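A short write-up of the structure that comes next.
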Amino acid sequence: MPEDTTDHPLLQNLNPPQMEAVMHTEGPLLILAGAGSGKTTVITRRIAWLIEEKGAHPGSILAMTFTNKAAEEMRDRVAQLVSVPVAQLWVSTFHSFCTRILRREGERTPVGRDFVIFDPSDQKSLMKQVLAELKMSEKQFHPRRVLEVISDFKNRCLLPEEAVEEALDPWTRKVLDAYTLYQKGLRNHRACDFDDLLLYTERLFRDDAMQQIYGDRFRYLLVDEYQDTNRAQYLLVQHLARRHHNLCVVGDEDQSIYGWRGADIRNILDFQRDFPEAVQIKLEQNYRSTQSILDAASTVIANNAQRLGKTLWTERGVGEPITFRLNDDGRAEAEWVVSKIQDARRFDRDIKIAVLYRANWQSRQMEEALRGANLPYKLVGGTKFYERQEVKDLLSYLRLIANPYDLQSFRRAVSSPTRGVGPTTLAKIEGAIPENGTALEGVAILLKAGELKGRAARELHRFVELFYRAANEASALGLAGLVRWTLHESGYLQMLEDEGTLEAEGRVRNLEEFLSAAAECESLGLRLSEFLDRVTLAADADQVDQSIELSLMTIHCAKGLEFPIVFVVGMEEEVFPNRQARETDEGLEEERRLFYVAITRAKAKLYLSGARRRRIMGTEMLGMPSRFLRELPEGALEHPIRWGTELYQAGQGAWTPERARGGSGASVATELTRIRSFFDKVRATAQVGSERETLPPASMPASELSAPSLPVPGEAWPKGTRIQSPRFGRGVITAATGSGEGLTYTIRFAEAGEKRIVARFGMLEREG
DNA sequence: CTAACATGTTCAGCC
DNA sequence: AACATGTTAG
């Protein structure tokens with residue numbers, strides 16, 4: 001390699017394979033990037049290299065990421081590396097990219113350009129209608145299951161008539177009938193579900209002219225997380241790459257964890273077959289984790305058959321051994337995790353920690369324990385903001401404004417707040433919808449004909465008028481103005497205010513938050529339909545904030561992230577590996593990859609835990625230890641595990657009825673001191689290359705650490721704290737719930753009695 | 001028509 | 001244990 005190029009700022013601090021990956025710009029390239037191997041750095045430098053060194057126009061580069069958040073971060077990082085504006089750079093998720101294309105070219109699809117995007121709950125209610133119409137019993141045809149099968153077809157780019165050969169049994173043939181009618185329903189609504197976005201776009205790109213236009217335009221393609229692409233995404237990429245073959249895919253077959261939504265691991269395994277001239281580069285040096293953590297990950301994943309094979313290595317030291325803790329039940333497990341977090345906090349007040357679990361329901365017990373200990377945390381995922389009832393209600397109005405064909409939204413909007421319209425009236429309205437017409441037109445026809453009476457007639461008149469007025473005033477009001485206007489004119493806000501309950505108050509707050517989201521999007525220049533797209537395509541992973549000290553999330557959500565300290569809870573059979581997944585070999589291999597992902601999130605210290613007893617769906621269950629514990633390398637755990645009457649040790653293929661070795665491992669103090677020294681080393685070497693690198697700040701004086709319950713802003717005051725409120729006078733905190741902005745105190749006031757007060761609004765002051 | 005209550009179902013992961 | 005759906009009383 002010539003001397004002068006290695007001096008290039010875009011190549012600084014890169015290892016040889018990383019450099020090669022950055023500089024390889026023409027022709028297909030497969031980058032096999034192991035966990036923590038500096039993948040993101042390579043991708044961003046490569047894009048910058050294309051622009052700065054190859055003179056590529058930013059608008060000729062298309063990069064696909066897995067989350068919107070990752071796309072945003074990538075664009076920011078590229079912007080810092082290059083001297084030209086990057087606004088024209090296309091960095092987005094597959095779904096956002098497809099939405100953008102369909103809004104532009106969509107008059108050629110069955111739903112036109114002004115479609116709405118159906119979320120899973122919209123899909124489900126449409127499917128229920130379909131099943132009812134076809135007289136298919138929901139007992140036999142679980143709506144969710146039927147949608148899953150349809151989704152599988154769509155992910156393989158098969159429309160109903162094309163799936164006939166695949167539908168061999170009578171059950172699947174009936175599902176195909178439902179599929180046909182379901183698509184018809186979507187067309188009538190002018191709606192796409194998530195899969196349609198990919199499917200329709202892929203169809204568009206089958207066209208030569210489209211390939212010509214977009215294939216020319218996007219001279220350089222880059223696909224991240226290639227191991228997680230499904231057939232539709234794969235074909236889409238093939239269409240776009242056909243002209244230039246300048247396709248760079250980055251992936252890691254060991255981190256493929258989305259098989260259940262159609263991801264096909266063969267896409268990455270077969271890349272060399274698709275592009276025989278492809279160059280393959282392996283990034284195997286890990287800049288993230290200690291040797292112990294890496295050893296554990298490698299040993300576990302070696303049990304999988306479907307691999308290309310990589311060997312991760314690190315220059316970091318051995319580090320701390322992995323700690324496993326067996327607890328009596330779920331509550332004890334959560335409390336143990338809390339105590340370990342507190343130990344770590346005492347030592348380094350804002351060290352970043354993540355608690356990871358297999359499924360969202362496992363977060364509850366963790367949350368309870370954290371609240372009990374007054375530890376602030378951020379829960380990622382679970383019930384999403386945009387899935388809350390009040391937000392969905394408001395959205396139904398906005399969606400109806402954007403697309404009056406959306407009958408699902410009509411139904412929702414018309415009965416929230418209630419307008420005296422029940423099933424009977426609703427059926428009448430739907431019967432009155434003209435061919436290719438909207439529900440609002442249907443109502444107008446009935447009103448004119450005098451077929452509606454009483455309260456329903458009065459309210460429906462206002463309701464229809466609301467939408468005519470909205471159409472007229474939308475542009476003058478602006479996005480946020482329109483949202484606020486809708487909130488008032490619909491009577492929705494009034495309804496909540498009339499309720500006067502604490503719950504209703506919370507809902508109003510959520511709607512206010514929604515309003516500020518709208519204002520933010522307005523300032524970005526988004527129009528209503530674009531705002532709605534963004535809302536619907538928002539993912540859990542998008543709300544990850546790496547500056548949060550303590551995060552709770554699923555392992556899926558944690559992919560691509562890293563934390564100094566990681567807990568993986570629920571290490572039991574049936575929980576992890578999950579009950580359904582462990583039934584097939586492929587399922588089990590995917591669970592193992594998931595465990596691999598979990599392990600490799602940790603930089604310095606990995607804690608694993610399990611529980612002997614756990615409440616699952618209300619009933620107490622006895623658990624067996626996860627088989628993955630057994631797959632850890634010998635000596636990875638400090639002690640053998642005694643579970644029930646049996647004894648069990650890492651690195652052994654089977655249960656062994658041996659005597660447990662006594663003694664406890666390192667004390668908390670020495671354990672944490674060693675983690676500290678790890679970080680000192682990390683800081684000293686300050687390597688580039690880890691994904692979303694965040695180094696912990698310098699430690700604080702011991703005197704500050706030992707002080708109990710510091711009045712940290714944003715942290716809850718303990719029970720018994722005396723406070724002063726401008727409205728109610730003096731009082732004492734008797735309880736606290738929620739956290740962050742939702743932190744709410746229950747306070748016993750000297751005069752006013754007991755009140756619940758939201759900390760953010762209460763203007764409370766601590767006394768004394 | 002609506003709200004409250006009773007019963008049945010789910011807890012796998014997500015764009 | 002939480003949620004969705006179905007039933008019943010007002």
Side-chain angles (χ1 to χ4, degrees), chain A residues 64-71 92-99 117-121 123-125 128 138-139 142-145 147-148 151 154-155 192-199 225 228-230 232-233 256-263 330 356-365 368 380-384 386-387 389 414-426 453-456 459 499 533-542 553-559 570 574-583 587 590-591 593-594 597-598 614-621:
Chain A
M64 301 290 197
T65 59
F66 214 63
T67 64
N68 296 299
K69 177 102 176 175
S92 66
T93 63
F94 270 101
H95 287 88
S96 302
F97 170 77
C98 291
T99 306
I117 303 174
F118 263 22
D119 69 19
S121 67
Q123 288 177 272
K124 199 169 158 208
S125 48
K128 286 185 164 192
E138 289 193 15
K139 264 245 147 57
H142 258 38
R144 231 183 60 185
R145 177 75 195 123
L147 283 167
E148 264 171 36
S151 177
K154 289 186 174 184
N155 286 153
C192 284
D193 64 18
F194 288 136
D195 301 323
D196 286 339
L197 297 172
L198 301 176
L199 183 135
E225 307 285 5
D228 286 328
T229 51
N230 61 32
Q233 292 164 327
S256 163
I257 54 175
Y258 286 97
W260 49 274
R261 68 172 206 215
L356 308 181
Y357 34 81
R358 173 67 241 259
N360 272 312
W361 59 268
Q362 294 173 263
S363 69
R364 179 163 306 146
Q365 245 170 351
E368 282 167 14
V380 181
T383 324
K384 287 170 220 125
Y386 294 115
E387 278 171 17
Q389 190 190 313
V414 84
S415 51
S416 45
T418 56
R419 293 188 165 82
V421 176
T424 327
T425 317
L426 201 58
K453 302 194 171 48
R455 180 181 170 211
E459 301 244 31
E499 243 177 84
D533 290 345
R534 178 177 285 228
V535 164
T536 316
L537 294 177
D540 286 344
D542 296 332
M553 64 185 97
T554 61
I555 301 167
H556 281 92
C557 223
K559 189 160 84 149
E574 314 246 303
V575 177
F576 191 22
N578 173 273
R579 181 146 46 106
Q580 269 109 353
R582 47 179 226 144
E583 274 158 26
E590 184 156 310
E591 293 293 292
R593 291 193 291 268
L594 197 52
V597 168
R614 190 184 293 281
R615 273 191 115 78
I616 294 177
M617 278 190 264
T619 46
E620 196 93 352
M621 307 286 278

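By convention in this document, chain letters (A, B, ...) are assigned in the order of the sequence lines, proteins followed by strands, and residues within each chain are numbered from 1. Everything quoted here is computed from the prediction, not taken from an experiment.
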**Message:** Restricting to ring pair (Phe, Tyr, Trp, His ring centres under 6.0 Å), what partner residues turn up for A:Tyr357, sequence neighbours left out?
**Reply:** none

**Item:** Non-neighbouring partners of A:Arg145 that pass salt bridge (Lys or Arg N to Asp or Glu O under 4.0 Å), sequence neighbours left out
**Value:** A:Glu148

**Message:** Rounding to an integer number of angstrom, what distance separates B:dA12 and C:dT5 when you compare their C1' atoms?
**Reply:** 23 Å

**Message:** Quick check, does A:Trp260 stack with B:dG13? I mean ring centres under 5.5 Å and planes off by under 30°.
**Reply:** yes

**Message:** A:Arg364: which residues meet the side-chain hydrogen bond (donor to acceptor under 3.5 Å, both in side chains) condition with it, sequence neighbours left out?
**Reply:** none

**Asked** If you measure from the P atom in C:dA4 to the same atom in B:dG13, how many Å do you get, rounded?
**Response** 15 Å

**Prompt:** When all nucleic acid strands are considered with a 4.0 Å heavy-atom cut-off, which category describes A:Ala456: base, sugar-phosphate, or nothing?
**Reply:** nothing

**Request:** Would you mind classifying the nucleic acid contact of A:Thr619 as base, sugar-phosphate or nothing, using non-hydrogen atoms under 4.0 angstrom?
**Result:** nothing

**Counterpart residues, side-chain hydrogen bond (donor to acceptor under 3.5 Å, both in side chains), relative to A:Thr229 (two or more places apart)** = A:Asn267

**Item:** Which nucleotide in B:dC1, B:dT10, B:dC15 has an atom nearest any side-chain atom of A:Thr425
**Value:** B:dC1

**Request:** Under 4.0 Å between any heavy atoms, over every strand shown, what does A:Thr536 touch: base, sugar-phosphate, or nothing? Just pick one.
**Result:** nothing

**Request:** Could you list the residues that satisfy salt bridge (Lys or Arg N to Asp or Glu O under 4.0 Å) with A:Glu138, not counting sequence neighbours?
**Result:** none

Taking N or O atoms only and anything under 3.5 Å, show me the protein contacts with nucleotides 4-10 of chain C, one pair per line.
residue	atom	partner	partner atom	Å
C:dT5	OP1	A:Lys128	NZ	2.5

**Message:** Can you tell whether the side chains of A:Asp228 and A:Arg261 come within less than 4.0 Å, N to carboxylate O?
**Reply:** no

**Asked** If you look at every strand shown and take non-hydrogen atoms under 4.0 Å, does A:Val575 touch a base, only sugar-phosphate, or nothing?
**Response** nothing

**Request:** Report yes if at least one side-chain N or O of A:Thr67 is closer than 4.0 Å to OP1 or OP2 of B:dC15; otherwise report no.
**Result:** no

**Prompt:** Should A:Thr93 and A:Phe66 count as side-chain neighbours, where that means a heavy-atom distance under 4.5 Å?
**Reply:** no

**Request:** Would you classify A:Glu590 as touching base, sugar-phosphate or nothing, given that sugar-phosphate means primed atoms plus P, OP1 and OP2, and contacts are heavy atoms under 4.0 Å?
**Result:** base

**Message:** Let me spell it out: for each of A:Arg144 and A:Gln123, pick the nucleotide of DNA chain B with the closest heavy atom. Which residue's pick is nearer the 5' end?
**Reply:** A:Arg144

**Complete:** Side-chain contact check for A:Arg358: nearest option of B:dT2, B:dA12, B:dT10 is B:dA12

**Request:** Would you indicate which nucleotide in B:dC14, B:dA12, B:dC15 comes nearest to any side-chain atom of A:Ala539?
**Result:** B:dC15

**Request:** Could you tell me whether A:Asn360 contacts a base, only the sugar-phosphate backbone, or nothing, with contacts defined as non-hydrogen atoms closer than 4.0 Å?
**Result:** sugar-phosphate

